[in-house]
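Comments concern the structure below.
Here is the naming used below: chain letters follow the sequence lines, and residue numbers restart at 1 for every chain. Heavy atoms only: backbone and side chains are in, while hydrogens, waters and symmetry mates are out.
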Amino acid sequence: MAETVTSPAAAEAQVPRFPTPRSAECPYAPPRDLLALGDEKPLVKARTWDGSTPWLILGHAAQRAILSDPRVSVDEHLPGFPFPTKTMADTLEHRPLTIFNADGADHARFRRMMTAPFTRNRMERLRPAIQQITDQLIDDMLAGPNPADLVKALSLPLPSLMICEVLGVPYADHEFFQEHAEVATNTELTGEQSRASQEALGGYLAKLLMAKMQEPGDDVLTDFAERIKAKELELPDAVMLTMVLLIAGHETSANMITLGTAALLENPEALAQLQTNQDPQFIAGAVEEMLRYLTIAHLGQRRIALEDIEIEGETIKGGEGIVVPLGAGNWDPAAFPEPDRLDLTREAQHHHAFAWGVHQCLGQQLARIELQVVYGTLYRRIPTLRLAVGRDELKFRGDSLAYGVYELPVAW
Amino acid sequence: MKVVVDTEKCVAAGNCVAAAMDVFDQREEDGIVVLLNEHPPAELAADVRNAAAICPALAIRIED
């Protein structure tokens, strides 16, 4: 056995680390070290922040197998669960059961309460409103100072308006909850900061839910309020579900709009295709490729094995942690030839940008339509759009659950 | 072609509707899959296979 002849120090030196930073030259690509590991093996053990060595699942096929395996759990209370940060580990006791950390029947119960407002056809019916808001925001940006920050002008307000509409949260309060959504996706804050933010947002949402019991609307909060009345749902659970939707609805689409624009401005051929080709099929395909290429949910999905799992010649033992860096699967050349090429005409639908398995993103149809509208409109309406600063001045959100840039100064 | 859906496995991601809207729909109350056409015509076969391939819950089976 290799372990018996290798000295502990040498064995230690062979264990790769995770995560490693992205390169400054390729800030849109997954870290080179990660891709190099994936070139060697579809799964490998790696050392993380707390010294533990969970499995990294790198290959596209292996990610699919693991993320749809019922022997793989998201229960973060199980010993050995691989937390992404110390804060996440320290705040474990403050996190109630949600769709993120529930398995099986508990997960299905939560998920089925949340999926109705996000069906494909309901989202498709929002398309005209999304188009109208996008056009209005672009009009406002063009009428304002040049250069402008795309994050403030378009990337944040559009998904924010739409998720408020779906949930029934007054957009007038957007500054308040955008701030808390930002806190909630920042993994570097202390437990104290996260808790204070969560309490403020929770209190606000609880009040809204109570108000919906008196004055129902046609929205998610009303639906939750009715379930509370019918004793199908407790108020704290309803608050948590709403918080999840509000936060997820903000930061994700917003970063895809911002980071996508930054990436397209460096890929003039792809940009030109979006400016000239208005075929909805092409634009829908282009969005899938952008999702694949950027994979903004970049910290790695966290799982733990419930029993021994044989996969690709390795054995993941029961109780071992599992990390699935979705970007590695989305850049696996076996699934996407020449993965470093942004090819908007590529068949990319099988990407893992929304993850895979029963925990796949439930807002994905809203995200798709928002991105189809924005990518299909912004560059066509402002063909002279360009970065107003050097790319090396952009500040990338490496510490956030959703990768992106904090600001994107653009000129036209 | 015969399509079989598993409503217990389904997680309402909506990908099947996006891929083949004449064959799949979602229930109003929880987004779970509704099979509109168990025997889709040949011209929809590719879309239906794609729908099965991108279902994250592996809830669509095709029997030839």
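Here A:Ile304 pairs with A:Ser73, A:Leu78, A:Phe81 under the side-chain contact (heavy atoms from CB on, under 4.5 Å) rule; sequence neighbours left out.
Other residues, nucleotides and ligands contribute more than 12 heavy atoms inside 6.0 Å of the CG atom of A:Asp279. For A:Glu124, the CD atom is densely surrounded, since the number of other residues' heavy atoms within 6.0 Å is greater than 12. Atom CD of A:Glu232 sits in a crowded spot, with more than 12 heavy atoms from other residues, nucleotides or ligands closer than 6.0 Å. Surrounding CE of B:Met21 are at most 12 heavy atoms belonging to other residues, nucleotides or ligands under 6.0 Å away. Within a 6.0 Å radius of CD in B:Glu63, other residues, nucleotides and ligands contribute more than 12 heavy atoms.
Proximity to chain B among residues 98-112 of chain A is limited to A:Arg111, A:Arg112, judged by heavy-atom separations below 4.5 angstrom. By a heavy-atom distance cut of under 4.5 Å, B:Thr7, B:Glu8, B:Cys10, B:Val11, B:Ala12 are the residues of residues 3-12 of chain B near chain A, going up by number. Residues of residues 22-39 of chain B that come within less than 4.5 angstrom of chain A, heavy atom to heavy atom, are B:Asp25, B:Gln26, B:Arg27, B:Glu28, B:Glu29, B:Asp30, B:Gly31, B:Ile32 in numerical order.
In this structure, B:Ile54 CD1 and A:Phe354 CZ are separated by 11.0 Å, a value rounded to the nearest 0.5 Å.
With no hydrogens or angles considered, a side-chain donor-acceptor pair links B:Asn15 and A:Gln365 at under 3.5 Å.
Contact of B:Cys55 with chain A is made through the backbone alone, with heavy-atom distances under 4.5 Å. At a 4.5 Å heavy-atom cutoff, the contact between A:Gln364 and chain B is made by side-chain atoms alone. Both the backbone and the side chain of B:Ala13 come within contact range of chain A, with heavy atoms under 4.5 Å apart.
In this structure, the side chains of A:Thr119 and B:Val17 stay at 4.5 Å or more apart for every pair of heavy atoms.
Residues A:Gln360 and B:Pro56 share a closest heavy-atom pair of OE1-CG, 2.8 Å.
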